[in-house]
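In what follows, a single structure is set out as structure tokens and then discussed.
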Amino acid sequence: MTKFLQYTILILFGFIAKGPLLAQDYKLIVDSLMRQNDTMELSPQKVKLLNKIAFNHRRLVPDTMLYYAEKAYELAEIIDDKAGQTEALKNIGIAHYKKSSPVDTIVQYYKNASILAAHIEDFYTEAACNNNIALVYMQQNELDKSLGYFLEALDVFNTKYKKPHALKAKILGNSGTIYAEQGDHEQALTYLTEAIRYAKVNNFDRARVMYMDNLGVELYEKGDTLAAIEMIEEALVLQRKLGDVQSITQTLVAYAGVLLKENELEKATAYAEEALQLAKKNKLKIEICKALEQCSRIALHQEKSDEALIHASEALSTATEMGNLRFQVDALKTLVDIYSYKEDFENAYMLTERIKILEDSTREELVRARDLQTKYDLRERQRALDSLTNATALNAEVNQRKKLEEQQQHTRSLLLISSILSILFFSALFWAVSNNRKLREKNKQLDIARQQAEEASRIKQEFLSTMSHEIRTPMNAVIGFTDILLEDAPKQSQVSMLSNLKVSGQHLLNLINDILDLSKLEAGKIELEAIAFDLKKTLQELITIFDITKENDAITLLLDWQGEELSRYVIGDSVRLTQVLSNLISNAIKFTPKGNVILRVLVGESEKDIQHLRFEVEDSGIGIPKEKQQLIFENFSQASSSITREFGGTGLGLAITKQILELQDSTIELESEVGKGSTFRFNLTLGLGIPLSEGKTEAPFDYAKHRLDGVRILLAEDNLFSQKIATRLLKGFGAELTVVGDGASVLQQVQEQTFDLVLMDIHMPKVNGLEAIERMQIEGMTIPIVALTAEVIGKVIEELEAKNVPYIGKPFRPESLYQIIKDNLNI
């Protein structure tokens with residue numbers, strides 16, 4: 001059998017090999033025949049044959065394709081066959097694409113092939129490689145880069161390779177498609193029209209019908225509905241005639257999209273489902289994604305959200321399996337619309353974050369302008385080409401010298417090993433440099449993201465600190481003056497108004513505290529206490545307070561204390577427990593027009609020194625829809641905007657409640673039915689305490705029992721209202737008082753007079769409180785200082801704690817002010 005006949009049989013066998021086993025047999029046969037035909041070992045014919053064998057496997061077994069393409073390149077490099085090298089590099093790129101290798105690997109082989117092709121003036125291959133790069137980037141949703149390489153390939157066809165070719169029509173069509181996706185409909189129409197005209201003139205029917213549906217969609221976007229539908233229907237007829245299943249599927253999807261916008265939902269559904277069946281039958285994964293997404297959009301317009309969700313989820317799964325970022329993003333956007341329609345805002349938000357991550361991952365190199373992407377860097381290409389030419393010349397020289405010095409077989413082996421090592425070395429070097437650059441860029445991006453996050457956190461803390469000061473300072477005046485007026489024996493007609501003013505002021509202060517508590521929780525700065533308290537008494541007092549203050553007499557508040565085995569004396573954080581229950585009871589009252597609000601406590605299994613308790617707050621109010629029950633635990637969220645308008649509230653109470661319970665290794669549960677009420681429940685494990693002495697009810701604050709007679713106090717406060725309130729309280733205690741309005745005056749007064757204590761406001765003009773404290777400490781002054789601040793979180797508190805300066809937050813109660821002064825007096 002002649003060599004020509006042997007290799008012809010091999011090529012024909014390659015065309016019919018349909019699976020991994022046959023492909024493996026084929027590989028063994030080829031290797032055997034190659035060894036038998038030594039005279040062809042170093043010939044361009046053998047390189048060409050290996051490239052053909054590799055190309056025949058592009059749809060079968062990528063690993064086999066890669067094996068022969070690499071063999072072709074090795075041999076072509078040894079014999080300096082530039083055409084063979086070019087074809088081999090292109091085949092290696094195709095094989096890696098089929099294997100779903102990293103994008104950078106695929107693109108680099110195509111680029112090297114393009115450079116060599118330009119050098120040997122194989123302009124079609126140059127254009128084809130740029131087209132392949134564009135398709136890779138298009139699949140990764142990097143549309144700007146993809147368009148740049150499409151336009152570069154088009155420039156090769158227009159200036160170098162001027163023969164008619166179907167690939168030019170495809171490049172024009174793909175460029176128009178990208179312009180359409182970027183919203184540049186004028187350019188999209190131009191390129192799609194030219195693609196179809198060029199294909200029609202040159203009788204490239206298959207290329208022409210590929211883009212007629214896209215042109216139809218663009219005509220529809222332009223407002224020419226009749227022309228759009230005619231174009232799409234004509235495309236469908238031609239595609240069915242040609243039997244081009246892929247194009248038929250794409251056109252059916254496009255037609256369904258137009259019909260959807262025309263609100264012809266039944267026809268749209270029929271076309272989309274036909275497209276999906278065809279795509280699945282022929283295993284066209286890209287078309288499956290497109291059809292599934294169209295089916296999902298149509299179902300959503302038909303208000304079939306569950307059906308839409310199934311289609312979109314399948315589209316996402318298929319796109320993820322393919323590794324196609326572009327279709328993953330499209331599917332995720334559809335899912336966001338579906339979850340938003342279903343008012344499942346938690347899932348919608350999570351998917352939106354996932355979209356950002358995917359989109360950000362495709363923007364690493366998009367900082368170059370589009371015009372730079374359309375022009376290849378000629379200097380880089382020339383340097384690469386010169387380097388490659390020099391390397392090839394050097395290899396040829398080495399080969400010649402080896403042939404003269406050694407036997408032929410020994411020469412081939414050494415050169416082959418040398419070439420493989422060179423490829424591995426330069427590949428490793430390229431990989432290292434590329435990855436180094438990417439790592440540096442990624443680290444730079446992470447550093448920027450970290451700085452932005454830290455800056456955002458700093459701004460948030462500064463905002464909360466400022467707002468705390470700006471709101472608490474006037475609140476100090478409102479609540480303080482209200483207390484003073486109530487103490488001054490007001491008229492009976494004024495008592496009710498003053499009491500309402502005090503309650504309103506306290507309510508506003510509670511809202512401020514909610515926001516500050518939330519910030520503390522997020523920063524992990526809330527610490528739980530473990531103190532003994534009377535649980536039953538605490539809960540009874542809580543019920544009594546709400547019963548007195550509730551405005552709706554149609555609501556009955558009850559404490560359901562179940563079982564004598566339930567210990568009333570426990571150890572835990574009574575303040576946080578009261579805060580949690582207050583939020584739940586307050587909500588229950590707010591959303592219960594009439595009926596009962598029950599605070600229930602049940603005991604679980606008891607162990608030594610601990611007791612497992614279950615708390616429930618049950619109401620007979622309006623209830624909460626099932627789909628809203630998770631939303632209400634998010635910050636600033638309520639079941640709907642109408643709830644906020646009708647009942648008020650910030651939407652922070654339940655969010656804070658949830659986080660406080662999580663600090664105690666507990667979770668809040670909700671059971672609710674619209675129109676029948678809600679039950680919130682949670683479990684806590686508390687220590688068992690010893691019985692506490694009952695004592696007497698605490699008497700109202702009495703100045704006669706809280707004396708600071710003869711105590712010399714320097715009050716530094718710039719706010720006039722806060723000055724008056726503090727002055728009234730301190731003089732009520734009997735203190736000798738000196739008042740100044742800034743930190744500079746503080747420093748002057750402590751030099752001139754003797755004081756037992758300084759009450760130092762933090763925010764003051766000229767020299768602020770922190771600066772005054774620091775100067776006093778530097779100068780070794782031992783006068784006790786108590787800071788007054790409307791900021792109870794953030795940097796101010798951290799600095800006070802670092803300086804070991806006690807502080808009291810505004811607004812403060814008389815007993816609190818008295819106690820902190822007494823605790824810090826050196827008398």
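All values derive from a computational prediction rather than experimental measurement. Residues: numbered from 1 along the sequence shown.
Looking only at distances, a side-chain donor or acceptor of T578 sits under 3.5 Å from a matching main-chain atom of S574. When atom types are taken as modelled, the side chain of S620 and the backbone of N596 share a donor-acceptor pair closer than 3.5 angstrom. A side-chain donor-acceptor contact under 3.5 Å links R707 to the backbone of G732. Side chain of S666 to main chain of E662: no donor-acceptor pair is present (N/O by atom type, distance under 3.5 Å, no hydrogens or angles). In this structure, N768 contributes its side chain and M764 its backbone to no donor-acceptor pair below 3.5 Å.
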Can you list the steps and then say if H706 with Y818 is a ring pair (Phe, Tyr, Trp, His ring centres under 6.0 Å)? CA-CA 7 Å; H706 298 79; Y818 174 80; 4.8 Å; yes

Verify salt bridge (Lys or Arg N to Asp or Glu O under 4.0 Å) between E669 and R614, making sure each step is shown before the conclusion. CA-CA 11 Å; E669 300 172 6; R614 187 174 187 82; 3.3 Å; yes

Run E303 and Y341 through side-chain contact (heavy atoms from CB on, under 4.5 Å) and show every step you take. CA-CA 9 Å; E303 299 185 352; Y341 173 83; 3.3 Å; yes

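In this structure, E801 does not pair ionically with K803, as no charged nitrogen and carboxylate oxygen lie closer than 4.0 Å. Between E618 and R681 there is no salt bridge, since no side-chain nitrogen of the basic residue lies less than 4.0 Å from a carboxylate oxygen of the acidic one. Taking a cutoff of 4.0 Å between a charged side-chain nitrogen and a carboxylate oxygen, K724 and E717 do not qualify as a salt bridge.
Inter-residue side-chain proximity for L613 and L535 is flagged as met; some heavy-atom pair is nearer than 4.5 Å. The shortest side-chain heavy-atom distance between L770 and L800 falls under the 4.5 Å cut-off. Here the side chains of L788 and Y807 are not in contact, with every heavy-atom distance at 4.5 Å or above. Residues P784 and D756 are not in side-chain contact: their nearest non-hydrogen atoms beyond the backbone lie 4.5 Å or more apart. Side-chain contact between V617 and T679 is absent, with no heavy-atom pair separated by less than 4.5 Å. Using a 4.5 Å heavy-atom cutoff, the side chains of T556 and I598 are not in contact.
In this model, a donor atom of one side chain and an acceptor atom of the other lie less than 3.5 Å apart for Q819 and D823.
For CD of Q540, the number of neighbouring non-hydrogen atoms (other residues, nucleotides, ligands) closer than 6.0 Å is greater than 12.
Each of I555, I585, L584, V597 was scored for a side-chain contact (heavy atoms from CB on, under 4.5 Å) with D619, with one residue passing: V597.
Using cut-offs of 30° and 60° for the angle between ring planes, the F615 and F682 rings count as parallel.
The shortest heavy-atom contact between L688 and I571 is O-CD1, 3.7 Å.
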